[in-house]
Amino acid sequence: MSSTTMRSHQCGELRAEHIGQQVTLTGWVATRREHGEKLAFVDLRDHTGVTQCVVDNTVDVRAEWVLRVTGVVAARPAESVNDRLPTGAVELQDCAVEVLNVAEPPPFPVSERADQVAENTRLQHRYIDIRRERMQRNLRLRASVNSAIRRAMEEQGFVEVETPMLVPSTPEGAREFIVPSRQQPGSFYALPQSPQLFKQLLMVAGIDRYYQIARCLRDEDLRADRQYEFMQLDAEMSFVTQDDVHTAIGAAVLAAARAAGQDPGEIVKITWQEAMNRFGVDKPDMRFGSELVELTDVFAATEFKAFAGAPSIKGINAVGQADQYGRNKLDQMTDRAKQMGAKGLVWLRVAGDGTFESPVAKFISDDERAQLTARLAAEPGDLLLIVADQWATTCEVLGQLRNDIARPPVHEGPYRYLWVIDFPMFVGVDEATGRPKPGHHPFTQPHPDDVHLLETDPMNVRSQAYDLVLNGWELGSGSIRIHQPELQARIFALLGIGEEEAQRKFGFFLNPFKFGAPPHGGFAFGIDRLVAILAGEENIREVIAFPKTQSGADLMTNAPTPVAAKQLDELGIRVLPPKA
RNA sequence: GGUCCCGUGGUGAAGUUGGAGUUCACGCCGGCCUGUCAAGCCGGAGGUCGCGGGUUCGAGUCCCGUCGGGACCGCCA
């Protein structure tokens with residue numbers, strides 16, 4: 001199957017069963033070991049592995065030269081068998097070497113040693129970097145994941161529909177990349193942040209089950225888990241509840257995990273409320289403990305002023321970590337807590353006799369200490385961290401500290417998939433308008449049990465929005481959408497969006513809903529993030545063939561570049577001089 | 001927009017209190033070598049210490065700026 005006109009086998013293929021066959025291999029020179037005038041070993045490499053070729057040392061071949069070698073597969077002498085190599089039982093003898101191309105010495109070793117090389121050097125010569133086993137493994141894993149997702153979606157009756165890359169600019173959400181129109185100078189297309197509009201209209205159009213492995217683009221600052229362009233499994237379904245969506249998307253994610261050779265188990269469901277209470281974040285990493293513990297009632301009648309009257313007091317136990325955190329580190333942690341909005345951070349080291357070592361130990365009564373010790377299961381050597389504040393702040397600060405202190409690296413299993421459901425409909429209040437701010441997008445269907453609270457108690461309305469989380473990474477999110485114009489009007493009214501504004505901003509999207517929009521909902525998850533975690537990589541650049549740097553540059557092609565004045569003229573664009 | 005870290009032959013690192021571009025490993029070039037597989041041995045070449053300015057008798061080292069790379073915050077409905 002892998003043979004071509006130029007080769008009979010690939011470099012990782014040959015085994016004892018091939019002994020005696022004449023074969024032709026093609027590939028790159030991995031290493032050359034010379035032993036005098038008559039003998040040299042050349043390790044020939046392709047993406048499948050290496051094969052040792054025994055050649056006459058008068059043949060001049062160098063690292064990364066491209067060769068075609070024809071020879072006879074032979075057993076190695078018993079003492080020369082290499083157990084660390086899959087092909088180590090055999091070698092190619094009586095070799096005829098054809099140099100297909102020469103090569104300059106590579107700027108970095110084409111091996112795992114390049115893991116230590118500065119990333120910009122790897123990115124400048126990405127075509128060499130990708131020759132390495134690690135990148136080959138990651139890109140091929142990515143292909144398997146894509147393939148498994150496609151298969152899982154198609155088995156469930158989803159239809160792949162391609163949506164446009166040149167779309168209207170919409171004012172909401174992430175910053176967009178815009179593309180000037182030549183035919184209408186002064187007008188612009190946007191590159192899609194997601195196929196959101198189109199996939200919902202495909203439901204109106206009766207596609208029923210849509211999916212696409214879609215490229216999405218957002219002009220926001222880049223991070224270890226964010227690139228300008230990224231791939232999503234994008235899907236939408238008609239006549240469903242959120243459980244139907246979870247089942248369908250879950251099948252695709254679990255199929256992807258299995259394609260990566262894992263046994264993913266089940267996807268657990270927890271509510272947003274529970275996630276915040278137990279883990280302090282809406283994307284919990286459930287691989288480790290140190291969960292948040294409720295302490296408000298313990299300090300109901302406390303003498304300690306920092307805790308007295310606080311609406312929410314919670315704590316975590318950094319088990320056995322008392323020695324790890326000196327005064328300096330604890331001060332840094334306190335600063336971090338303050339940056340996140342806490343008034344302070346109380347830390348307590350549990351001493352050998354069970355008493356607390358802490359600047360505030362004297363304010364904590366014996367009874368409070370006993371209850372704290374019991375609730376947090378504190379043992380000598382533990383470090384206890386307590387925050388007292390508004391419920392949301394208490395949860396968020398401790399959740400972040402929990403991750404800082406105890407979160408294992410991504411490549412350490414197990415893999416814990418979960419759905420976080422019942423997100424709040426609104427998060428916070430817009431300072432300028434006094435209106436509630438939507439938590440997801442304004443087309444999200446409220447929870448049916450809470451619809452009656454929309455006007456009277458909006459901050460306690462749950463939505464039918466949900467996230468898929470893996471080991472503390474948000475893989476994606478989705479929702480059941482609003483398909484009823486009256487309900488949509490109520491939501492817009494709450495957000496302070498009048499009919500005219502709604503028409504102007506969302507008309508092209510909402511008007512089609514008048515023509516028979518079915519109940520529908522959907523989901524999208526990031527394939528780059530999923531593959532990174534499955535590959536054990538901390539950074540999505542490691543699973544992207546040609547990624548951009550944090551400043552949005554492609555170091556290999558030098559994009560972005562200025563363009564010719566003539567090109568700008570044609571588009572009716574004039575570039576301002578750089579700011580002084 | 002902000003905070004922090006990094007920048008020394010092709011690659012990775014060390015470089016002390018500011019005292020000659022010094023050192024180590026890999027790679028590269030040449031030589032030796034018939035069983036290596038991180039081959040070995042001998043020899044050699046290769047640097048505007050990212051760039052600019054300042055302090056100083058003297059700067060890889062200290063200060064300011066700038067460029068490039070990274071982590072994070074903001075941002076990502």
Side-chain angles (χ1 to χ4, degrees), chain A residues 30-45 50-57 60 62-64 74 76-85 87-88 91 93 103-125 128-129 170-176 193-194 196 216-228 230 332 335-336 339-341 400 403-404 423 425-428 430 436-444 463 465 474 476-477 479 491 495 497 505-506 526 538-539 541 547-553 555 558:
Chain A
T31 57
R32 167 195 172 99
R33 297 176 292 278
E34 298 178 311
H35 290 269
E37 208 179 331
K38 290 278 168 37
L39 175 71
F41 301 100
V42 171
D43 287 346
L44 197 65
R45 179 193 65 236
V50 296
T51 294
Q52 172 167 286
C53 306
V54 186
V55 301
D56 186 306
N57 199 14
D60 183 25
R62 311 261 161 153
E64 301 308 315
R76 293 192 186 192
E79 66 279 10
S80 295
V81 167
N82 186 342
D83 294 327
R84 296 186 305 278
L85 220 55
T87 60
E91 62 189 10
Q93 294 182 350
E104 290 180 16
F108 51 85
V110 185
S111 72
E112 71 285 349
R113 290 182 193 180
D115 290 343
Q116 312 306 320
V117 171
E119 195 186 1
N120 56 350
T121 307
R122 292 172 54 205
L123 291 177
Q124 276 163 26
H125 306 276
I128 298 171
D129 193 35
T170 51
E172 311 297 312
R175 189 181 292 121
E176 300 169 316
Q193 303 171 33
S194 82
Q196 186 69 28
C216 304
L217 298 107
R218 295 178 189 174
D219 187 4
E220 297 290 350
D221 288 357
L222 290 74
R223 290 284 163 76
D225 61 350
R226 291 176 359 202
Q227 282 274 305
Y228 282 155
F230 56 99
Q332 282 173 19
D335 286 344
R336 183 151 163 81
Q339 275 167 19
M340 288 184 287
Q400 193 57 57
N403 277 343
D404 290 351
F423 270 76
M425 191 79 181
F426 305 101
V427 281
D430 189 293
K437 293 188 288 190
H440 196 52
H441 59 59
F443 316 112
T444 305
S463 70
E474 178 189 327
S477 61
S479 63
I491 301 293
L495 299 173
I497 300 172
K505 281 187 171 170
F506 309 113
E538 304 274 353
N539 194 306
R541 291 190 296 271
K548 306 244 182 326
T549 65
Q550 205 166 71
S551 57
L555 298 179
N558 287 324

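Convention: sequence-line order gives letters A, B, ...; per-chain numbering from 1.
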Just call it for [X]: base, sugar-phosphate, or nothing, with non-hydrogen atoms closer than 4.0 Å on any strand.
| X | value |
| --- | --- |
| A/Asp335 | nothing |
| A/Gly439 | sugar-phosphate |
| A/Ser111 | nothing |
| A/Ala114 | nothing |
| A/Pro107 | sugar-phosphate |
| A/Pro442 | base |
| A/Glu79 | nothing |
| A/Leu555 | sugar-phosphate |
| A/Glu91 | base |

May I ask you to evaluate whether [X] reaches the phosphate of [N], defined as a side-chain N or O under 4.0 Å from OP1 or OP2?
| X | N | answer |
| --- | --- | --- |
| A/Asn539 | B/A71 | yes |
| A/Gln550 | B/A71 | yes |
| A/Arg541 | B/A71 | yes |
| A/Arg76 | B/C37 | no |
| A/Arg336 | B/C73 | no |
| A/Arg84 | B/A38 | yes |
| A/Thr549 | B/G69 | yes |
| A/Arg32 | B/G27 | no |

Taking only the [atom1] atom of each, what is the distance from [N] to [M] in whole angstrom?
| N | M | atom1 | value |
| --- | --- | --- | --- |
| B/G46 | B/C26 | C1' | 14 Å |
| B/U34 | B/C41 | C1' | 16 Å |
| B/U22 | B/G60 | P | 12 Å |
| B/G43 | B/C6 | P | 37 Å |
| B/G9 | B/G52 | P | 15 Å |
| B/C62 | B/G18 | C1' | 8 Å |
| B/G21 | B/A59 | P | 9 Å |
| B/C73 | B/C28 | P | 42 Å |

Using whole Å, what does the distance between atom [atom2] of nucleotide [N] and atom [atom1] of [X] come to?
| X | N | atom1 | atom2 | result |
| --- | --- | --- | --- | --- |
| A/Asp221 | B/C75 | CG | P | 11 Å |
| A/Gln400 | B/A71 | CD | C1' | 13 Å |
| A/Asn403 | B/A71 | CG | P | 18 Å |
| A/Asp43 | B/C37 | CG | P | 11 Å |
| A/His125 | B/U11 | NE2 | P | 8 Å |
| A/Asp60 | B/C29 | CG | C1' | 12 Å |
| A/His35 | B/C41 | NE2 | P | 13 Å |
| A/Ile128 | B/G10 | CD1 | P | 15 Å |

Would you mind pulling out the nucleotide paired to [N], Watson-Crick or G-U wobble, both distances under 3.5 Å?
| N | result |
| --- | --- |
| B/G40 | B/C32 |
| B/G65 | B/C51 |
| B/C57 | B/G19 |
| B/C26 | B/G10 |

Taking the side chain of [X] as heavy atoms from C-beta outward, which of [options] is closest to it?
| X | options | result |
| --- | --- | --- |
| A/Ala174 | B/U36, B/C33, B/C76 | B/C76 |
| A/Glu119 | B/G35, B/G70, B/G12 | B/G70 |
| A/Ala118 | B/G35, B/C72, B/G12 | B/G12 |
| A/Glu220 | B/C76, B/C72, B/C37 | B/C76 |
| A/Glu34 | B/C33, B/G69, B/U36 | B/C33 |
| A/Arg223 | B/C75, B/G35, B/A39 | B/C75 |
| A/Asn82 | B/C37, B/C28, B/G35 | B/C37 |

Base of [N] paired with side chain of [X] (donor-acceptor, under 3.5 Å):
| X | N | answer |
| --- | --- | --- |
| A/Glu37 | B/U34 | no |
| A/Arg226 | B/C75 | yes |
| A/Arg113 | B/G27 | no |
| A/Asn120 | B/G70 | no |
| A/Arg218 | B/C76 | no |

B/U11 base stacked by A/Phe108? Criteria: ring centres under 5.5 Å, plane angle under 30°. no
Side-chain contact, heavy-atom cut-off 4.5 Å: [X] with [Y]?
| X | Y | value |
| --- | --- | --- |
| A/Glu91 | A/Pro77 | yes |
| A/Val50 | A/Arg45 | yes |
| A/Ile497 | A/Lys505 | no |
| A/Arg33 | A/Gln52 | yes |
| A/Pro438 | A/Thr444 | no |

Quick one: on RNA chain B, does A/Ala553 or A/Arg175 contact a more 5' nucleotide (nearest heavy atom)? A/Ala553
5'-most contact on RNA chain B (nearest-nucleotide basis), A/Gln116 vs A/Leu85, goes to A/Gln116
Looking only at non-hydrogen atoms, find the nearest pair between A/Pro106 and A/Ile128 and report the distance.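 Closest heavy-atom pair between A/Pro106 and A/Ile128: CB-CG2, 4.4 Å.
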For a quick test of reading the model, state the closest non-hydrogen atom pair linking A/Ala114 to A/Phe108 and the distance between them.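 Heavy-atom minimum between the residues: CB-CD1, 3.7 Å.
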With a 4.0 Å cut-off on N to O distance, would you call [X] and [Y] a salt bridge?
| X | Y | answer |
| --- | --- | --- |
| A/Arg223 | A/Asp221 | no |
| A/Glu34 | A/Arg32 | yes |
| A/Glu119 | A/Arg541 | yes |

